[in-house]
Amino acid sequence: MEIVIAIMAGAFFGVSGMFAYDRMQRINGKNKSEQTIAEAKNKASDIILKAKDKALSVVDEAKKEESEIRREIKKTEQRLAERENNIDRKLDDLDRRSEKLRSEEDDIDKLKSEIHDIRLRQQEKLEKIAKLKKSEAAEKLMKMTERDIKEDLTGLISKLQHDAMEDAEERAQTILLTAMERMSGEVTAERTVTALKLTDDDMKGRIIGKEGRNIQAIQRETGVDVLVDDTPGMVVLSSFDPVRRQVARLTLEMLMKDGRIHPGRIEEVVAKAKKQIDKEVKQAGEDAMREAGIVGIPKEMLRLLGELKFRTSYGQNVLKHSTEMAQIAGMIAEEIGANVRTVKIATLLHDVGKAVTHKVEGKHHHIGAELARKYGLSEEIAHAIEAHHDDIEATTPEALIVRVVDAASAARPGARNVSAENFTERMRDLENVATSFKGIDKAYAISAGREIRVIVSPETVDDLSAIKIARDIANKIESTMQYPGTIKVNVIRETRAIEFAK
């Protein structure tokens with residue numbers, strides 16, 4: 001019992017101590033909180049004081065800036081007011097000057113009218129004195145002046161015309177020579193190949209075939225006559241169409257190289273040859289257009305142009321001739337201010353009608369012009385193509401250029417092959433024409449027939465007669481002979497005095 005009482009007494013005192021300790025802790029915490037609050041209030045009051053001081057300083061600075069801005073605005077207003085006053089003064093000055101000018105203009109108009117009246121009165125007095133009106137006096141003066149200087153004007157005009165003709169001829173020669181010198185392309189080419197050499201004697205029999213079936217197949221597929229018996233060791237191809245002849249040539253070359261010759265194989269090879277020739281024709285047209293430096297030619301005309309690769313005219317390859325012409329014509333057109341593109345296209349296509357002359361009746365230049373119109377080329381190009389020969393008048397500078405360049409390219413020595421027999425005959429005819437006149441001592445055809453040099457007898461022919469003989473020879477050559485280009489007639493009269501010292 002005592003133990004229980006002791007335990008209870010201990011528990012009572014323990015609980016009492018705990019409550020007392022807890023109370024002491026609360027009292028101490030309250031004191032600390034009050035102390036912290038007091039410190040926070042003191043700090044807050046310090047911050048508020050500092051903020052008030054800073055706000056006062058900011059307000060003072062703002063007031064200072066405001067006063068400065070006000071002073072600047074006031075100065076600006078004063079400057080604007082001064083400028084406005086100056087402008088008003090200048091406007092007043094301008095008004096006064098304008099008024100003064102108007103009054104001076106009125107005075108000038110009055111003076112002009114007075115001067116005009118004085119001139120009219122003077123003219124009336126002069127007409128009364130001279131008994132002539134102003135128009136009559138002017139007409140009479142013009143007639144007197146015309147009579148005095150008429151002869152001088154006639155002589156001056158004649159001299160100017162003569163000088164202009166000389167200058168024009170010299171300039172034309174310079175332009176032509178410059179263009180021809182700058183163009184250094186091929187002017188002659190070999191004739192189209194119409195004969196093939198056989199590799200051996202047996203090849204002729206293989207080409208003919210059993211009962212002639214192979215040669216008949218070649219002729220049927222190509223449209224070309226094949227002649228194997230006319231020339232020993234050769235196969236001759238004959239056709240009016242140069243493209244067909246090229247197909248046949250290529251076919252025979254491929255067959256002889258391959259060795260297999262029979263109708264079935266011939267059909268295959270002909271088809272391949274046609275494709276290859278078509279490709280060559282197209283490539284030749286494009287190369288010619290590119291070499292001439294032009295674009296915009298229709299495809300149909302370009303193909304016909306390519307076919308000219310296999311055409312020759314007097315031994316001159318027509319495509320090379322056309323390409324050379326296009327380049328020379330472009331140079332001349334630039335010199336004289338003509339349309340370069342029109343000239344180049346017309347010269348390149350001027351002989352395109354020759355590609356179809358075996359299919360269409362007519363002259364090649366008329367056919368070429370119709371083809372140009374058909375495929376949408378301009379009338380200027382078609383006219384230049386059509387007028388490059390003498391049967392149609394050339395009405396444009398471009399057409400004249402095409403005609404001149406065609407003569408320059410085709411007619412100069414060496415451009416076209418002429419047989420030796422024809423050449424010798426032509427030279428002989430030239431010399432015979434010259435020697436048919438009286439007083440001729442010797443005559444020589446030189447420079448490939450471009451010049452005939454005539455030596456007259458000085459005893460029977462004087463200087464004036466020599467001039468007349470030169471003209472007569474030239475007229476007879478023009479009326480009796482056919483020749484390309486021009487022929488120079490050079491008459492020489494030489495007097496020699498010979499003595500012997502003994």
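Along the sequence shown, the residues carry numbers beginning at 1.
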| Is Asp406 reaching over with its side chain to a backbone N or O of Met325, donor-acceptor style, under 3.5 angstrom? | no
| remark: Heavy atoms of Met289 and Val295 approach each other most closely as SD-CA, 4.1 Å
| note | Here the ring pair (Phe, Tyr, Trp, His ring centres under 6.0 Å) pairs for residues 325-352, sequence neighbours left out, are His321-His350, His350-His388
| query | Donor-acceptor pair, Arg403 side chain versus Ala387 backbone, under 3.5 Å? | reply | yes
| task | Output yes when a side-chain donor or acceptor of Glu398 lies under 3.5 Å from a complementary backbone atom of Asn339, and no otherwise. | result | yes
| said: Tell me every residue that passes side-chain contact (heavy atoms from CB on, under 4.5 Å) with Lys272, counting only those two or more places apart in sequence or in another chain. | reply: Met254, Arg265
| remark: In terms of heavy-atom contacts, Ala384 and Ala346 come closest through CB-CB, 3.6 Å
| message | Tell me the closest heavy-atom pair linking Leu348 and Ala292, and the distance in Å. | response | CD2-CB, 4.3 Å
| said: Please list all pairs meeting side chain to side chain donor-acceptor pair (under 3.5 Å) that have one or both residues in residues 98-111, counting only residues at least two apart or in different chains. | reply: Glu99-Arg102
| message | The criterion is salt bridge (charged side-chain N to carboxylate O under 4.0 Å, His left out); which residues satisfy it with Glu82, sequence neighbours excluded? | response | none
| task | Just do the salt bridge (Lys or Arg N to Asp or Glu O under 4.0 Å) check on Arg373 and Glu370 with the steps written out, would you? | result | CA-CA 5 Å; Arg373 295 186 180 99; Glu370 291 302 320; 3.2 Å; yes
| field | Qualifying side chain to side chain donor-acceptor pair (under 3.5 Å) pairs, either residue in residues 45-57, two or more places apart | value | none
| For His364, does its backbone N or O pair with a side-chain atom of Asp351 as donor and acceptor, under 3.5 Å? | no
| task | Apply salt bridge (Lys or Arg N to Asp or Glu O under 4.0 Å) to Arg303 and Glu307, showing your working. | result | CA-CA 6 Å; Arg303 175 176 175 78; Glu307 290 185 8; 3.7 Å; yes
| message | Tell me if a side-chain donor or acceptor on Arg311 pairs with a main-chain N or O of Asn317 at a distance below 3.5 Å. | response | no
| Hey, are the side chains of Asp225 and Leu237 touching, using non-hydrogen atoms and a 4.5 Å cut-off? | no
| query | Residues in side-chain contact (heavy atoms from CB on, under 4.5 Å) with Ile73, at least two apart? | reply | Ile69, Glu77
| message | Could you tell me if the side chain of Phe310 sits less than 4.5 Å from the side chain of Leu319, heavy atoms only? | response | no
| Gly285 versus Leu302, closest heavy-atom pair with distance | O-CD1, 3.5 Å
| field | Minimum heavy-atom distance between Lys309 and Glu280, given as atom pair plus value | value | NZ-OE1, 3.9 Å
| note | Taking every heavy atom of Gly368 against every heavy atom of Met301, the minimum-distance pair comes out as O-CE, 4.5 Å
| said: Quick check: do Leu349 and Leu377 have side-chain heavy atoms less than 4.5 Å from each other? | reply: yes
| query | Does a donor on one side chain sit under 3.5 Å from an acceptor on the other, for Arg249 and Gln246? | reply | yes
| query | So do Met203 and Ile261 actually touch side chain to side chain, heavy atoms under 4.5 Å? | reply | yes
| message | Is there a side-chain contact between His366 and Ile392 in this structure, where contact means two heavy atoms from C-beta onward sitting under 4.5 Å apart? | response | yes
| task | Output yes when Arg290 and Asp287 qualify as a salt bridge under the 4.0 Å nitrogen-oxygen rule, no when they do not. | result | yes
